[in-house]
There are 2 protein chains.
Amino acid sequence: MASLADNIERYLKSLLDQAREGMIEIRRAEIAQEFDCVPSQINYVLATRFTPEQGYVVESRRGGGGYIRILRLSWGSPPGLLQQICCSIGNEIGQEDAEALLGRLAEIGAISSRQEAMLRASLRMESRMLDPPWDGIIRASLLKAMLMVLFEEN
Amino acid sequence: MASLADNIERYLKSLLDQAREGMIEIRRAEIAQEFDCVPSQINYVLATRFTPEQGYVVESRRGGGGYIRILRLSWGSPPGLLQQICCSIGNEIGQEDAEALLGRLAEIGAISSRQEAMLRASLRMESRMLDPPWDGIIRASLLKAMLMVLFEEN
DNA sequence: CTGACTTTGACCTTTCCTGACCTTCGTCGG
DNA sequence: CCGACGAAGGTCAGGAAAGGTCAAAGTCAG
């Protein structure tokens with residue numbers, strides 16, 4: 001059921017969980033061999049699941065002794081979290097960035113996966129109904145409203 | 001007479017009953033094959049019988065390893081009340097009706113007064129930015145999304 | 001007979017995976 | 001010094017594998 005890309009993603013994230021400093025260094029060819037796939041599959045996974053929007057930074061070096069380094073970005077202290085998020089949303093936000101943000105929130109446990117699913121579904125419904133530029137503007141305001149209400153525990 | 005759509009609906013709901021977490025993940029093509037029908041019949045069933053108003057949220061992903069995920073909302077207690085509210089909102093709602101609804105939710109303690117204030121502010125912003133009929137539609141969508149997320153305990 | 005609900009199929013979009021070919025970097029022989 | 005070579009990683013396009021959309025045709029109760 002889970003695709004190869006999903007499995008590689010999970011594996012890399014589990015490595016990140018174990019690692020201190022939220023950083024790991026891998027050899028592309030090694031990972032590819034472990035999962036019995038072509039090396040460029042690793043690039044695909046990195047490009048689709050480890051973007052800055054999703055909270056990761058990837059650097060690499062070619063040539064002999066080359067490597068790929070993955071950093072997991074962390075948000076600052078919980079007190080200012082909501083403010084940081086709202087700031088990063090801005091006045092408008094694209095569908096992909098919005099969903100990446102939800103994924104990130106779920107990953108750090110700020111929202112449950114059920115809440116993530118519902119917010120995602122809401123955003124998609126809203127997306128289908130509106131055209132640019134309204135969709136981005138409304139999406140941003142919807143997201144901020146929902147997060148504010150959600151984090152206002154009680 | 002039980003139509004094919006009815007049978008598929010019953011089947012999916014029985015899967016949901018068995019599943020923990022009130023969530024199942026299916027492959028469209030598989031279900032279609034089990035019922036010997038075209039895959040798009042599954043979309044029809046989902047679109048007509050698993051809507052948010054009926055207490056369900058559907059998420060999906062395309063492409064290789066794609067899936068369809070169905071979540072059943074718990075709606076907390078008392079069962080039915082929030083679902084009724086959600087239904088009563090309909091496809092669109094006026095600014096006044098929406099604010100009245102928020103007032104009632106705050107009165108019965110379903111949301112805090114801070115939450116009420118924030119939602120009210122959000123609704124007013126939408127109103128200023130959108131013209132009929134979009135404003136009513138987006139208002140309804142935002143309200144329903146909020147109810148779904150807020151009353152999803154856990 | 002008519003309107004609402006079902007069912008189907010043709011065509012579309014998204015996501016995944018691979019393989020051929022390209023670029024960068026270290027190193028080693030001349 | 002320096003240029004060829006090997007060992008990384010990068011790019012990109014194409015084909016395959018899902019699921020989505022929409023409108024036309026079918027069915028059925030009233």
Side-chain angles (χ1 to χ4, degrees), chain A residues 1-12 24-54 56-71 94-100 103 117 120-121 123-132 135, chain B residues 1-12 24-51 53-54 56-71 91:
Chain A
M1 206 98 146
S3 67
L4 173 56
D6 290 337
N7 291 330
I8 296 175
E9 172 190 7
R10 250 194 323 228
Y11 176 64
L12 292 178
I24 57 173
E25 210 172 277
I26 59 171
R27 305 311 228 38
R28 190 178 73 151
E30 276 179 16
I31 307 291
Q33 200 168 31
E34 283 180 54
F35 286 89
D36 193 32
C37 63
V38 294
S40 59
Q41 177 71 8
I42 310 303
N43 295 84
Y44 175 72
V45 173
L46 293 175
T48 55
R49 292 146 155 86
F50 291 85
T51 66
E53 288 75 26
Q54 290 164 319
Y56 297 89
V57 171
V58 175
E59 2 167 41
S60 65
R61 209 176 62 187
R62 305 186 184 190
Y67 59 81
I68 295 179
R69 194 178 293 162
I70 307 175
L71 280 83
Q95 179 70 23
E96 285 177 29
D97 288 349
E99 293 204 30
R120 220 180 268 271
L123 287 178
R124 287 184 186 175
M125 281 196 292
E126 180 269 323
S127 245
R128 272 186 312 157
M129 291 192 290
L130 292 172
D131 295 319
D135 64 338
Chain B
M1 193 177 93
S3 66
L4 172 55
D6 291 336
N7 290 331
I8 297 174
E9 172 189 9
R10 252 200 319 253
Y11 176 63
L12 292 178
I24 58 173
E25 207 173 280
I26 59 170
R27 325 210 72 185
R28 191 178 73 151
E30 275 179 17
I31 307 292
Q33 201 168 30
E34 284 179 52
F35 285 89
D36 194 31
C37 64
V38 293
S40 57
Q41 177 72 4
I42 310 304
N43 294 84
Y44 175 70
V45 174
L46 293 175
T48 56
R49 293 148 156 87
F50 290 84
T51 66
E53 286 78 6
Q54 290 164 314
Y56 298 87
V57 171
V58 176
E59 279 189 296
S60 66
R61 202 173 67 185
R62 304 188 186 190
Y67 58 80
I68 296 178
R69 196 177 291 163
I70 307 174
L71 282 80
N91 287 325

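Naming: A, B, ... by sequence-line order, numbering from 1 per chain.
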(message) What's the closest nucleotide to the side chain of I68(A) if the choices are dG10(D), dC17(C), dG20(D)?
(response) dG10(D)

(request) Could you list the residues that satisfy side-chain contact (heavy atoms from CB on, under 4.5 Å) with R120(A), not counting sequence neighbours? (result) E99(A), L102(A), E116(A), R124(A), E59(B)

(message) For a quick check of understanding: with a heavy-atom distance under 4.0 Å over all strands, which category does R49(A) fall into, base, sugar-phosphate or nothing?
(response) sugar-phosphate

(message) One character per nucleotide, please: for nucleotides 23-30 of chain C, 5' to 3', B when the base has a protein heavy atom closer than 4.0 Å, S when only the sugar-phosphate does, - otherwise.
(response) BBBS----

(request) Check whether any side-chain N or O of T51(A) sits under 3.5 Å from a backbone N or O of Q54(A) as a donor-acceptor pair, and report yes or no. (result) yes

(request) Taking the side chain as every heavy atom from C-beta outward, state whether D6(A) and R49(A) have any pair of such atoms under 4.5 Å apart. (result) yes

(request) Using a cut-off of 6.0 Å, state whether more than 12 heavy atoms not belonging to E25(A) lie near its atom CD. (result) yes

(request) With sequence neighbours excluded, tell me which residues meet ring pair (Phe, Tyr, Trp, His ring centres under 6.0 Å) with Y44(B). (result) none

(message) At less than 3.5 Å, do the side-chain atoms of R27(B) and the base atoms of dG19(D) form a donor-acceptor pair?
(response) no

(request) Applying ring pair (Phe, Tyr, Trp, His ring centres under 6.0 Å), name anything that partners Y67(B), two or more places apart in sequence or on another chain. (result) none

(message) Please report the interatomic distance CD(E30(A)) to CD1(I68(A)), rounded to the nearest 0.5 Å.
(response) 11.0 Å

(message) Please report the distance, rounded to the nearest Å, between CZ in R28(B) and C1' in dC12(C).
(response) 11 Å

(message) Among residues at least two apart in sequence or on other chains, which ones pass side-chain hydrogen bond (donor to acceptor under 3.5 Å, both in side chains) with Q33(A)?
(response) none

(message) With the threshold set at under 4.0 Å for non-hydrogen atoms, list the residues of residues 36-45 of chain B touching DNA chain D in residue-number order.
(response) S40(B), N43(B)

